[in-house]
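We name chains A, B, ... by the order of the sequence lines, and we start the count at 1 in each one.
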Amino acid sequence: MKLATWNVNSLNVRLPHVLDWLHENPIEVLCLQETKQQDIKFPYNDLKAAGYHAVHSGQKTYNGVAILSTHEMTDVEHGIAGFEDEQKRVISATIHDDPGHKIRVICVYVVNGQAVDSEKYEYKMRWLEALNSWLTGELKKYPNLVILGDYNIAPDDRDCHDPAAWEGSILVSPRERDAYEELIELGLHDTFRLFEADGGYYSWWDYRMMGFRRNRGMRIDHILVSDPLKNKCTSCIIDKAPRKLERPSDHTPVVLEMHL
DNA sequence: ATGGCTTCTGTGAGAAGA
């Protein structure tokens, strides 16, 4: 089974890239973030024509998350149970593959936080705490769990192009990294790091200052798996190809392969 | 360098992203 995550920075703008990418990369599950559109505008028909079921939790202008799958999805849940949030940042579903395996997939768009001294940063920290408590229960309910998305956290200095310049800033601050580490301590594994120990691999590059060409990026999009799935993982790669297209998203897909 | 780009809203210029 192949699963991927991609922050598309507006599905309205990026739908052609998504359809082209799915055509070239036939995978079973794709989680999208920042669709930036209401459900009524979501391109269910175009995705269906491409062979994908889809579930979406969207809103106008900001946020918005979706799960696309070639397989049937059941038990769709929106948001973090018990956490009131106007912002559409989480959607979950159970994927049923052809051999009959059941995998619980959670698509997350973690709060950006803007700057460490902003109110949005405090919201980010509260949000991550709520995610953590909720996941504790979800892991018990669903042993085979994959959490894919834009975490807006670079877990360590290998995941940042210039740690000295970024020290203490948003995306790398100690409190954010501690919150990420607490997710890992629930018994989750950063699948990219199962296969690659070196730095210099990023999933986001700033649009400004030729960030991509100079590889001035951050690895902030992650695929975490629960313990029972760890040894089923066979590869996790960052596909830089879509970042090279005309009018790209500033993020690029991360792809996990598992042999169930 | 409180910048740089891109998207959104909505038709201006400002917010937000990361």
Side-chain angles (χ1 to χ4, degrees), chain A residues 5-18 31-43 56-66 85-90 107-128 131 148-180 192 199-222 238 240 242-254:
Chain A
T5 180
W6 191 3
N7 178 327
V8 290
N9 185 17
S10 169
L11 187 56
N12 190 40
V13 175
R14 228 68 64 192
L15 181 63
H17 285 190
V18 172
C31 293
L32 303 178
Q33 301 85 37
E34 288 207 86
T35 57
K36 298 189 178 178
Q37 59 194 180
Q38 291 169 296
D39 291 332
I40 196 160
K41 293 215 172 179
F42 189 81
H56 181 233
S57 180
Q59 65 187 97
K60 204 173 170 184
T61 315
Y62 300 114
N63 311 311
V65 283
D85 194 2
E86 298 285 301
Q87 305 191 7
K88 307 298 188 188
R89 297 180 171 278
V90 178
C107 173
V108 297
Y109 174 47
V110 175
V111 178
N112 171 283
Q114 199 166 59
V116 293
D117 58 355
S118 73
E119 297 235 339
K120 288 174 184 166
Y121 184 81
E122 296 308 321
Y123 166 54
K124 182 177 195 172
M125 300 314 301
R126 281 199 310 279
W127 197 94
L128 285 163
L131 177 70
L148 310 89
D150 176 358
Y151 289 72
N152 271 315
I153 299 172
D156 64 61
D157 283 353
R158 291 174 294 178
D159 305 313
C160 172
H161 67 91
D162 189 346
W166 278 80
E167 191 178 359
S169 301
I170 198 69
L171 312 183
V172 305
S173 74
R175 283 177 69 197
E176 291 167 85
R177 284 179 166 174
D178 287 351
Y180 180 84
F192 185 78
Y201 294 92
Y202 310 125
S203 63
W204 168 85
W205 300 261
D206 202 304
Y207 283 124
R208 301 167 291 185
M209 295 288 285
M210 296 182 289
F212 182 66
R213 228 177 70 186
R214 299 157 73 194
N215 200 27
R216 296 170 67 87
M218 301 280 239
R219 194 176 69 90
I220 55 178
D221 300 271
H222 310 300
I238 297 171
K240 288 166 79 168
R243 192 62 175 79
K244 299 171 183 166
L245 300 171
E246 287 285 311
R247 243 186 139 186
S249 169
D250 44 358
H251 296 251
T252 207
V254 182

Exercise. To the nearest Å, how far apart are A:Lys88 NZ and B:dA16 C1'?
Worked result: 19 Å
Seminar exercise, completed: note: A:His251, atom NE2; B:dC5, atom C1'; distance rounded to Å ~ 13 Å
For this session: Provide, to the nearest angstrom, the distance between the CG atom belonging to A:Asn7 and the C1' atom belonging to B:dG17.
Result: 9 Å
Exercise. Between A:Arg89 and A:Gly64, is there a donor-acceptor pair closer than 3.5 Å when you use the side chain of the first and the backbone of the second?
Worked result: no
Problem set entry | Those residues that, when tested against A:Asp159, pass side chain to side chain donor-acceptor pair (under 3.5 Å) (two or more places apart) | A:Arg193, A:Arg219
Exercise. Looking only at atom P, what distance separates B:dG14 and B:dG3, rounded to whole Å?
Worked result: 13 Å
Seminar exercise, completed: Per-nucleotide protein contact along nucleotides 10-15 of chain B, 5' to 3', at a 4.0 Å heavy-atom cut-off (B base, S sugar-phosphate only, - neither), is ------
Exercise. If you find the nucleotide of DNA chain B closest to A:Arg247 and the one closest to A:Asn152, which residue's nucleotide is nearer the 5' end?
Worked result: A:Arg247
For this session: Could you tell me the separation between the CD1 atom of A:Ile153 and the C1' atom of B:dA18, rounded to a whole number of Å?
Result: 12 Å
For this session: Please determine if a side-chain N or O atom of A:Tyr109 lies less than 4.0 Å away from the OP1 or OP2 oxygen of B:dA18.
Result: yes
For this session: Identify, with sequence neighbours excluded, every residue that meets ring-ring contact (aromatic ring centres under 6.0 Å, His included) alongside A:Tyr121.
Result: none
Exercise. OP1 or OP2 of B:dC8 less than 4.0 angstrom from a side-chain nitrogen or oxygen of A:Ser10, does that happen here?
Worked result: yes
Exercise. To the side chain of A:Tyr207, which of B:dT6, B:dT7, B:dA18 is closest?
Worked result: B:dT6
For this session: List in chain and number order the residues that pass side chain to side chain donor-acceptor pair (under 3.5 Å) with A:Ser10, two or more places apart in sequence or in another chain; answer none if no residue qualifies.
Result: none
For this session: Report which part of the nucleic acid A:Arg14 touches: base, sugar-phosphate, or nothing (heavy-atom distance under 4.0 Å, all strands).
Result: sugar-phosphate
Problem set entry | A:His222: ring-ring contact (aromatic ring centres under 6.0 Å, His included) partners, not counting sequence neighbours | A:Tyr151, A:Tyr180
Problem set entry | Nearest-Å distance once atom P is located in both B:dG12 and B:dA1 | 36 Å
For this session: Rounded off to whole Å, could you give me the CH2-to-P distance for the A:Trp205 and B:dT6 pair?
Result: 16 Å
Problem set entry | Sequence-distant partners of A:Arg208, side chain to side chain donor-acceptor pair (under 3.5 Å), two or more places apart | A:Asp206
For this session: Would you please classify the geometry between the A:His251 ring and the A:Trp204 ring as parallel, tilted or perpendicular, with 30° and 60° separating the classes?
Result: tilted
Exercise. Quick one: on DNA chain B, does A:Gln87 or A:Pro248 contact a more 5' nucleotide (nearest heavy atom)?
Worked result: A:Pro248
Exercise. Among all residues two or more places apart in sequence or in another chain, which pass the ring-ring contact (aromatic ring centres under 6.0 Å, His included) test with A:Tyr62?
Worked result: none
Problem set entry | Separation of atom CD1 in A:Ile220 from atom C1' in B:dG17, rounded to whole Å | 10 Å
Exercise. Base, sugar-phosphate alone, or nothing: which one does A:Tyr202 contact when heavy atoms must sit under 4.0 Å apart?
Worked result: nothing
Exercise. Does A:Tyr109 have any ring-ring contact (aromatic ring centres under 6.0 Å, His included) partners at least two apart in sequence or in another chain, and if so, which?
Worked result: none
Problem set entry | Between B:dT9 (C1') and A:Asn12 (CG): distance, integer Å | 13 Å
Close N or O pairs between protein and nucleotides 1-4 of chain B (under 3.5 Å):
{"from": "B:dG4", "atom 1": "N7", "to": "A:Arg208", "atom 2": "NH1", "distance (Å)": "2.7"}

Exercise. Looking only at side chains, do A:Asn7 and A:Glu34 share a donor and an acceptor under 3.5 Å apart?
Worked result: yes
Exercise. Distance between the C1' atoms of B:dA15 and B:dG10, in whole angstroms?
Worked result: 14 Å
Exercise. What is the distance from CZ of A:Arg213 to P of B:dC5, rounded to the nearest Å?
Worked result: 13 Å
Problem set entry | P atoms of B:dA13 and B:dG4, separation to the nearest Å | 16 Å
Exercise. Which nucleotide in the list B:dT7, B:dT9, B:dG17 gets nearest to the side chain of A:Glu34?
Worked result: B:dG17
For this session: Have a look at A:Asn112 and say if it touches a base, only the backbone sugar-phosphate, or nothing, with a 4.0 Å heavy-atom cut-off.
Result: base
Exercise. Is A:Arg216 reaching over with its side chain to a backbone N or O of A:His161, donor-acceptor style, under 3.5 angstrom?
Worked result: no
Exercise. Reckon A:Leu171 touches a base, only the sugar-phosphate, or nothing at all at heavy-atom distances under 4.0 Å?
Worked result: sugar-phosphate
